[in-house]
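Everything on this sheet refers to the single structure shown next.
Just so it is clear: chains get the letters A, B, ... in the order the sequence lines come, proteins before strands, and each one is counted from 1. All heavy atoms count here, side chains included; hydrogens, waters and symmetry mates do not.
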2 protein chains.
Amino acid sequence: MLMVCSGDPTIYERFWRQVGDKTTIIIPGWQSLSYFSDGSNICWFLETEFAREVVRLHKVVGNAVTEGRHIVVGTGSSQLILAALYALSSPDAAEPISVVSAAPYYSSYPSMADYQKSGLYKWAGDAENFDKEGPYIELVTSPNNPDGHRRKAMVNRSQGQFIHDLAYYWPQYTPISSPSDHDLTLFTVSKTTGHAGMRIGWAIVKDKEVAKKMTKFIEISTIGVSKDSQLRAAKVLKAVSDSCEQENSQDGESFFTHSYNIMAQRWKQLRAVVEAGDLFTLPQFSPAFCTFFGQETEPQPAFIWLKCEGDIEDCENLLREHKIVARSGRHFGASPKYVRISMLDTDETFIQLIDRLSAIQQGK
Amino acid sequence: MLMVCSGDPTIYERFWRQVGDKTTIIIPGWQSLSYFSDGSNICWFLETEFAREVVRLHKVVGNAVTEGRHIVVGTGSSQLILAALYALSSPDAAEPISVVSAAPYYSSYPSMADYQKSGLYKWAGDAENFDKEGPYIELVTSPNNPDGHRRKAMVNRSQGQFIHDLAYYWPQYTPISSPSDHDLTLFTVSKTTGHAGMRIGWAIVKDKEVAKKMTKFIEISTIGVSKDSQLRAAKVLKAVSDSCEQENSQDGESFFTHSYNIMAQRWKQLRAVVEAGDLFTLPQFSPAFCTFFGQETEPQPAFIWLKCEGDIEDCENLLREHKIVARSGRHFGASPKYVRISMLDTDETFIQLIDRLSAIQQGK
């Protein structure tokens with residue numbers, strides 16, 4: 001069985017091996033004993049070095065405004081989504097605030113909103129069908145997981161609050177058009193550099209009280225975030241920024257040039273296989289000017305949002321018969337004619353995926 | 001102001017500096033990219049090396065049975081308390097399950113149980129006053145935070161479930177009488193070795209389904225636990241076990257001998273100051289045989305549970321006037337005549353604390 005149902009980002013391992021010792025971290029046994037990183041910061045468990053490298057990377061890439069904002073670090077962006085739901089809801093409200101996202105939405109949003117049976121917030125489904133009066137929170141994922149499309153908020157009402165999940169707003173996945181400038185924006189090291197095992201994400205937050213409440217959430221639920229991972233993430237993000245700044249003066253390519261090229265190659269192979277038959281279709285994207293690369297680039301999503309055409313109603317089943325384990329569209333609030341397949345797996349897995357898709361197309 | 005209100009365990013820094021390179025960890029940039037540690041384990045994000053060192057340390061110390069149990073790693077034991085509440089409650093119950101603990105209880109339990117306004121579980125206060133029929137969860141902290149006493153479950157009803165928080169069941173804090181053997185037991189690196197910044201705790205769980213539900217909780221809330229910290233924790237726990245096994249054959253003292261001696265020295269100084277006047281009193285403890293040290297030892301809690309005697313009704317206020325910031329007994333479900341003060345701070349802070357307490361006693 002070929003497991004391509006999760007989004008485990010092992011694709012960049014080769015790059016990090018080539019980089020060598022630059023991103024090796026050494027932590028002596030007596031370091032990072034304390035709970036506290038910087039008691040004067042709203043987010044008192046945020047490592048200064050990590051915050052500095054986050055700000056620097058956004059400046060280098062041009063994908064987010066950080067001036068005058070608060071940074072809150074989380075145990076992956078998952079914890080920050082929950083912290084944001086907590087911060088944007090009110091303990092005194094008569095009923096839980098509705099949480100919506102436009103289908104197809106990230107498959108974990110419904111369970112994240114509902115697993116605690118919280119009286120603060122409650123999953124209310126597809127943003128497009130949301131017609132309830134009153135306050136609500138909309139999760140806006142752009143580029144979207146699973147389908148890779150650029151998105152803006154769907155529900156436009158006065159009492160809306162927004163969580164912008166920009167995990168994939170990096171140059172290897174999509175053209176960078178301008179620095180994002182929302183009230184609450186989330187990023188994660190997992191998708192930026194592929195270091196999913198670190199469990200490090202960050203929020204860029206305009207409102208001080210929201211940043212305080214998010215920090216409180218993380219304090220109550222995990223008393224902070226691994227310092228070891230924050231220090232390691234700082235080192236990795238520094239290497240990414242350094243590689244971008246040195247690209248023209250040295251022979252090495254930047255992390256984003258490297259990762260853009262792999263993604264381009266994979267999407268080319270994928271499109272060739274899919275277009276060779278009429279069983280499957282892929283979403284269509286338009287190229288756009290990327291301010292980071294200084295040229296037009298193609299969107300190259302981290303996931304394939306594959307549709308089975310014709311009379312095949314259950315794409316997950318069809319693929320499973322051919323030993324490909326993908327995630328059904330049903331989990332994303334969409335039709336089972338769709339599946340989501342990871343594009344970020346190892347070379348070996350990707351080659352097998354292409355071979356098997358090709359075999360299916362050829363009716364083998 | 002002398003901040004001794006949190007339990008930041010910086011006390012062991014000297015030991016870890018002396019140990020030198022043995023606990024230095026080196027992590028290359030290409031390591032720990034994946035979300036997964038061991039897909040065949042119920043807790044799929046548990047690093048094998050970390051689990052191995054946990055089992056070994058419990059064997060060396062003799063403070064917990066691990067055979068035939070499941071280990072679940074968490075972002076500190078805080079996350080595991082929440083995961084346990086989630087795992088022991090039922091989504092189909094007519095009302096939230098009651099969560100109790102005997103006063104004085106750990107000051108974070110009420111907010112941990114209630115901050116999400118969960119429909120699954122709900123804080124129901126002091127276990128001693130709990131008289132509601134039906135299922136309940138009792139948090140049993142032993143030795144107890146804040147007062148250092150050994151504890152057993154307080155409420156004895158058929159529908160009770162128990163979370164044993166044994167963060168302080170280590171030889172420097174209390175005599176080890178026998179290996180703990182409960183359904184669900186929690187430990188944390190923070191209090192064992194002082195590495196609070198790692199945010200690593202572990203649960204020892206008898207029931208497979210409970211371990212699965214706890215793992216699911218951590219999957220939804222943080223998609224696992226920092227691998228970097230797990231690897232570092234493995235190295236630190238290994239050094240502790242090694243130091244115990246080598247103590248007799250080498251000149252170095254074991255971690256627990258070192259930490260026991262510091263705690264003994266601090267408690268001696270503290271008792272001398274408190275007993276020099278009649279303003280304050282301390283809890284009284286009986287020595288007991290410690291199977292780890294092979295001799296009788298004194299309980300030496302990580303916190304001072306200080307009581308103001310006479311007509312002083314607010315001990316926190318009195319101390320604050322003398323520039324000591326402690327945490328009032330009110331937060332622990334107890335009288336404001338009590339405060340909790342950390343014994344695990346740096347030498348400098350502890351010496352200042354002793355000096356200021358001494359000055360108060362002398363009416364300065």
_How about NZ on B/Lys117, more than 12 heavy atoms from neighbouring residues, nucleotides or ligands closer than 6.0 Å, or not?_
yes
*Spacing of A/Ile25 atom CD1 and B/Asp228 atom CG [to the nearest 0.5 Å]*: 8.0 Å
*Most heavy-atom pairs under 4.5 angstrom with chain B, which of A/Arg14, A/Arg199, A/His195?*
A/Arg199
*Using non-hydrogen atoms only, which part of A/Arg17 is less than 4.5 Å away from chain B: side chain, backbone, both, or neither?*
both
*Quick one: what part of A/Gln31 sits under 4.5 Å from any heavy atom of chain B, side chain, backbone, both or neither?*
both
*Looking only at non-hydrogen atoms, find the nearest pair between B/Glu13 and A/Trp30 and report the distance.*
O-CB, 4.0 Å
*Proximity breakdown for A/Tyr86 and chain B, heavy-atom pairs closer than 4.5 Å*: side chain
*Go through A/Ser111, A/Gly119, A/Ser229 and name the one with the most non-hydrogen pairs under 4.5 angstrom from chain B.*
A/Ser229
*Select, from B/Gln230, B/Lys216, B/Gln18, B/Met112, the one with the greatest count of heavy-atom pairs under 4.5 Å involving chain A.*
B/Met112
_Need one label for A/Ser37: side chain, backbone, both or neither, based on atoms under 4.5 Å from any heavy atom in chain B._
neither
*Out of A/Ser77, A/Pro96, A/Pro91, A/Gly201, which one racks up the most heavy-atom pairs below 4.5 Å with chain B?*
A/Pro91
*How many angstroms lie between atom CD of B/Gln79 and atom OG of A/Ser221, to the nearest 0.5 angstrom?*
7.5 Å
*Which residue out of B/Tyr12, B/Tyr121, B/Tyr35, B/Trp16 racks up the most heavy-atom pairs below 4.5 Å with chain A?*
B/Tyr35
*Is it the side chain or the backbone of B/Ser89 that comes within 4.5 Å of chain A heavy atoms, both, or neither?*
neither
*Looking at B/Pro28, B/Ser108, B/Ser34, which one has more heavy-atom pairs under 4.5 Å with chain A than the rest?*
B/Ser34
*Look up atom CD in B/Gln116 and atom OH in A/Tyr115, then write down how far apart they are to the nearest 0.5 Å.*
6.0 Å
_Let's test your reading of the structure: which of B/Ile200, B/Thr24, B/Thr193, B/Thr23 forms the most heavy-atom pairs below 4.5 Å with chain A?_
B/Thr24
_Options A/Leu80, A/Leu85, A/Ile26, A/Val189, ranked by heavy-atom pairs under 4.5 Å with chain B, top entry_ = A/Ile26
*Side chain, backbone, both or neither: which part of B/Ser190 has a heavy atom under 4.5 Å from chain A?*
side chain
*From B/Ile27 CD1 over to A/Leu231 CG, what is the distance, rounded to the nearest 0.5 angstrom?*
10.0 Å
*Among A/Leu82, A/Val225, A/Ile223, single out the residue with the greatest number of heavy-atom pairs under 4.5 Å to chain B.*
A/Ile223
*asked:* Quick check on B/Lys238: does its NZ atom have over 12 non-hydrogen neighbours (other residues, nucleotides or ligands) under 6.0 Å away?
replied: no
*Considering only heavy atoms and a distance below 4.5 Å, find which of B/Val19, B/Asp21, B/Ile81, B/Asp8 pairs most often with chain A.*
B/Asp8
_I need the residue from B/Ser32, B/Gly76, B/Ser226 with the largest number of non-hydrogen atom pairs under 4.5 Å to chain A._
B/Ser226
*Which answer fits B/Phe15, side chain, backbone, both or neither, if we ask what part of it has an atom under 4.5 Å from a heavy atom of chain A?*
neither
*If you count heavy-atom pairs under 4.5 Å between each of A/Gly194, A/Gly74, A/Ala239 and chain B, which one has the most?*
A/Gly194
*Scan side-chain atoms only and decide if B/Thr222 and A/Thr75 contain a donor-acceptor pair under the 3.5 Å cut-off.*
no
